[in-house]
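These values consider heavy atoms only, across backbone and side chains, with no hydrogens, waters or symmetry-generated copies.
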Amino acid sequence: MEGGRAGDHITLEVEHDPLVLSIREKMEAISSKHCICRVDKKLVEENKKAYIPAIVSIGPLHHDNPALVAMEDKKWRYLYALLGRGPDLETSLGNCVKALRDLEHRARLCYEEEIGILTDQFLQIMLVDGCFIIELFLKYVVKGLKRRNDPIFSTPGRDVL
């Protein structure tokens with residue numbers, strides 16, 4: 001092992017020890033493995049309000065719930081608002097889809113159960129829902145982005161944040 005010091009940083013050169021590589025691979029596999037799962041049915045039965053989304057679904061697990069369809073149009077509007085701020089909507093959209101294609105396998109591995117939908121639908125859900133969350137947070141923090149008639153921030157009794 002050799003090291004050097006440059007300013008505030010310390011640089012270490014580590015030999016490629018097979019044990020280090022093996023431990024790192026196991027850590028990565030465990031840390032990313034199955035971090036998104038369904039809640040046990042017994043817990044859901046005890047308190048459905050705590051575990052079943054009532055307003056919006058994020059990700060594919062509750063995507064087909066008819067009770068949550070009303071928010072889908074709003075999520076698409078937020079996607080358009082976020083990507084539409086760039087100089088070229090189609091380029092921004094293409095870059096996002098390419099990045100999601102590169103991450104699809106890793107994203108699917110995060111789910112405890114197999115997500116039985118085709119690639120394009122999975123990527124579309126990830127894009128729409130991810131951009132919805134980013135835009136929601138931006139509108140919450142940057143008051144100039146929030147419109148007066150935005151139903152997410154103006155619907156009485158519907159506190160999304």
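Scanning all heavy atoms of the two residues, the minimum distance from Met71 to Ile152 falls at CE-CD1, 3.7 Å. Residues Tyr111 and Gly59 share a closest heavy-atom pair of OH-CA, 4.1 Å. Taking all atoms of both residues into account, the shortest heavy-atom contact from Lys146 to Lys139 is CE-O, 3.3 Å. Residues Ile125 and Pro60 come closest through the heavy atom pair CG2-N, 3.9 Å.
Rounding to the nearest 0.5 Å gives a distance of 11.0 Å between CD1 of Ile115 and CG of Leu109. In this structure, CG on Asp120 lies 11.5 Å from CG on Leu100, to the nearest 0.5 angstrom.
Counting only heavy atoms from C-beta outward, the side chains of Arg106 and Leu103 approach each other to under 4.5 Å.
No more than 12 heavy atoms of other residues, nucleotides or ligands sit less than 6.0 Å from atom CG of Leu118. Within 6.0 Å of NZ on Lys143 lie more than 12 heavy atoms contributed by other residues, nucleotides or ligands.
Looking at Lys75, its side chain does come within 3.5 Å of a backbone N or O of Ser57 through a donor-acceptor pair.
Hydrophobic clustering (side-chain heavy atoms under 4.5 Å, transitive across Ile, Leu, Val, Met, Phe, Trp, Tyr) keeps Leu61 apart from Tyr51. If you chain together hydrophobic residues whose side chains sit under 4.5 Å apart, Leu68 and Ile52 never meet in one group. In terms of hydrophobic clustering, with Ile, Leu, Val, Met, Phe, Trp and Tyr side chains grouped at heavy-atom distances under 4.5 Å, Val69 and Val56 are assigned to different clusters. One hydrophobic cluster, built from ILVMFWY side chains closer than 4.5 Å, cannot hold both Met27 and Leu21; they sit in different ones. Under a hydrophobic-cluster definition in which Ile, Leu, Val, Met, Phe, Trp and Tyr are linked whenever side-chain heavy atoms come within less than 4.5 Å, directly or via other members, Ile36 and Leu123 are assigned to the same cluster.
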Check your understanding: Could you walk me through whether Tyr80 and Leu89 pass the side-chain contact (heavy atoms from CB on, under 4.5 Å) check?
Key -> CA-CA 8 Å; Tyr80 183 76; Leu89 176 64; 3.6 Å; yes
Practice item. Determine, step by step, whether Leu138 and Tyr78 satisfy the side-chain contact (heavy atoms from CB on, under 4.5 Å) criterion, reporting the C-alpha distance in whole Å, the side-chain angles of both residues, the deciding distance to 0.1 Å, and the verdict. Key: CA-CA 10 Å; Leu138 282 172; Tyr78 272 44; over 6 Å; no
Check your understanding: Does the salt bridge (charged side-chain N to carboxylate O under 4.0 Å, His left out) test come out yes or no for Glu104 and Arg101, once each step is laid out?
Key -> CA-CA 5 Å; Glu104 179 190 9; Arg101 283 192 194 287; 5.8 Å; no
Point to revise | Check against side-chain contact (heavy atoms from CB on, under 4.5 Å), Arg108 and Met126 | key: CA-CA 11 Å; Arg108 285 183 183 266; Met126 294 290 120; over 6 Å; no
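In summary, Lys42 and Glu45 do not engage in a salt bridge, as defined by a charged side-chain N under 4.0 Å from a carboxylate O.
The side-chain contact (heavy atoms from CB on, under 4.5 Å) test with Phe132 singles out one residue from Leu82, Ile58, Leu127, Leu79, and that residue is Ile58. With respect to Glu135, the salt bridge (charged side-chain N to carboxylate O under 4.0 Å, His left out) criterion is satisfied by exactly one of Lys74, Arg77, Arg85: Arg85.
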